[in-house]
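We count residues from 1, following the sequence as given. All figures in this text were calculated on a predicted structure; none of them were measured in a lab.
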Amino acid sequence: MRWAPILLLLAACGGPSAERAGASTLPRAMPAEASEREAVLAELGRRLYAHLAEGNPTAILFEDGALRDLLEPDAAERARAVRVAPLHVHPERLALLREAEPASLCIQGGAEAQRGDPPFALKGAAWVFERALVSGRRPGGQRVALWIEGTFVLTDGGFGAIALRRVEDPRWEHSDLELATCDVRVEFGTPQDVVVVTP
């Protein structure tokens, strides 16, 4: 598959997760420049797809040190307790994503959170969202997709998750690819060809 080199690159570079111990994780608002927004969201979409295809969605979680940088102390303790809840992930089913290439990301529940906002008290304003429909496409056009749900936060090191609540098994031609309403939708062509559509 053409996205295999991207997968390897992301595994090497990582994001604001356990793979990048010591990475800066200060809360960050969504960039005002369209090109910066596209780059941040595109990186998230490809990294999420890669982690899911590997059967390892928890790789998107912030490490303990990052939580201390991102959240007020009490909130960081709550986050560490919540994020270990069983996800009932089936890695062999997630492997279905390897038959396709990253295609799009549909984000729901996106908003600008202020310092101290519940349920997790951030140390500063940041853009957050609650769920995303991650999809891939075969060269012939058939699509595969699944929902991933949690608390995702934008930092100066990129997006990561404070907690994950649900990872759906992927389905071919998922009905929500047509039905879901997106706060933000990211379409992937090539790494240089990204279109972001916001209602």
Side-chain angles (χ1 to χ4, degrees), residues 1-28 30-31 35-63 65-67 69-70 83 87 89 91 93-110 126-137 143-168 170 182-196:
M1 290 295 173
R2 292 195 302 274
W3 65 273
I6 296 173
L7 177 65
L8 293 174
L9 178 62
L10 291 172
C13 297
S17 66
E19 299 168 349
R20 286 184 61 192
S24 180
T25 48
L26 299 176
R28 183 186 183 192
M30 185 63 78
S35 60
E36 288 187 63
R37 291 197 302 271
E38 292 171 6
V40 166
L41 291 163
E43 192 272 342
L44 167 67
R46 291 192 177 88
R47 188 156 48 89
L48 259 181
Y49 194 100
H51 291 326
L52 290 164
E54 291 174 325
N56 186 25
T58 57
I60 199 71
L61 288 168
F62 292 112
E63 63 172 358
L67 288 177
D69 292 339
L70 185 64
R83 67 179 179 164
L87 284 174
V89 173
R93 297 177 192 173
L94 289 173
L96 192 67
L97 295 173
R98 298 177 196 168
E99 299 180 25
E101 299 177 5
S104 70
L105 182 70
C106 169
I107 290 174
Q108 292 184 339
W127 202 80
V128 303
F129 70 92
E130 297 298 320
R131 67 196 306 244
L133 184 67
V134 181
S135 80
R137 186 186 299 271
R143 299 172 299 176
V144 61
L146 73 156
W147 286 102
I148 181 168
E149 300 175 358
T151 302
F152 297 85
V153 181
L154 178 59
T155 76
D156 56 355
F159 272 101
I162 292 174
L164 293 179
R165 291 184 292 276
R166 176 174 172 256
V167 178
E168 186 182 45
C182 310
D183 294 329
V184 177
R185 183 175 179 83
V186 188
E187 298 278 357
F188 306 103
T190 67
Q192 292 77 37
D193 179 19
V194 178
V195 178
V196 178

Practice problem: Find the distance between CG (Leu70) and CD (Glu63) and round it off to the nearest 0.5 Å. | Solution: 11.5 Å
Quiz item: How many angstroms lie between CZ in Arg46 and CG in Leu44, if you round to the nearest 0.5 Å?
Solution: 11.0 Å
Practice problem: Measure across Leu164 and Thr58 and return the closest heavy-atom pair with its distance rounded to 0.1 Å. | Solution: CD1-CA, 4.0 Å
Practice problem: Identify the heavy atoms of Gly55 and Val89 that sit nearest to each other, and give their distance. | Solution: O-CG1, 4.5 Å
Exercise. For the residue pair Pro57 and Leu94, establish whether any side-chain heavy-atom pair is separated by less than 4.5 Å.
Key: yes
Practice problem: Please report the closest heavy-atom contact between Val167 and Leu52, naming both atoms and the distance. | Solution: CG1-CD2, 3.8 Å
Quiz item: Heavy-atom distance under 4.5 Å between the side chains of Val184 and Phe129, does that happen here?
Solution: no
Exercise. Side-chain contact test, heavy atoms from C-beta onward, threshold under 4.5 Å: evaluate it for Glu168 versus Ile148 and give yes or no.
Key: no
Practice problem: Looking only at non-hydrogen atoms, find the nearest pair between Ala126 and Val153 and report the distance. | Solution: CB-CG1, 3.8 Å
Quiz prompt | Side chain proximity check, Arg131 to Arg165, heavy atoms < 4.5 angstrom | solution = no
Exercise. Looking only at non-hydrogen atoms, find the nearest pair between Leu48 and Phe152 and report the distance.
Key: CD2-CE2, 4.5 Å
Exercise. Check whether any side-chain heavy atom of Pro91 sits under 4.5 Å from a side-chain heavy atom of Asn56, and report yes or no.
Key: no
Self-check item: Short side-chain to backbone donor-acceptor contact, Tyr49 and Leu105, under 3.5 Å
Solution: no
Quiz item: Short question: side chain of Ser135, backbone of Ser104 - any donor-acceptor pair under 3.5 Å?
Solution: yes
Self-check item: Residues in side-chain contact (heavy atoms from CB on, under 4.5 Å) contact with Val40, at least two apart in sequence or another chain
Solution: Arg28, Pro31, Leu154, Phe159
Quiz prompt | Note, Ile107 side chain near Leu41 side chain (heavy atom, < 4.5 Å) | solution = yes
Quiz item: Any idea which heavy atoms bring Arg98 and Ala53 closest together, and the distance?
Solution: NE-O, 2.8 Å
Quiz prompt | Within-4.5 Å side-chain heavy-atom neighbours: Leu146 and Leu97 | solution = yes
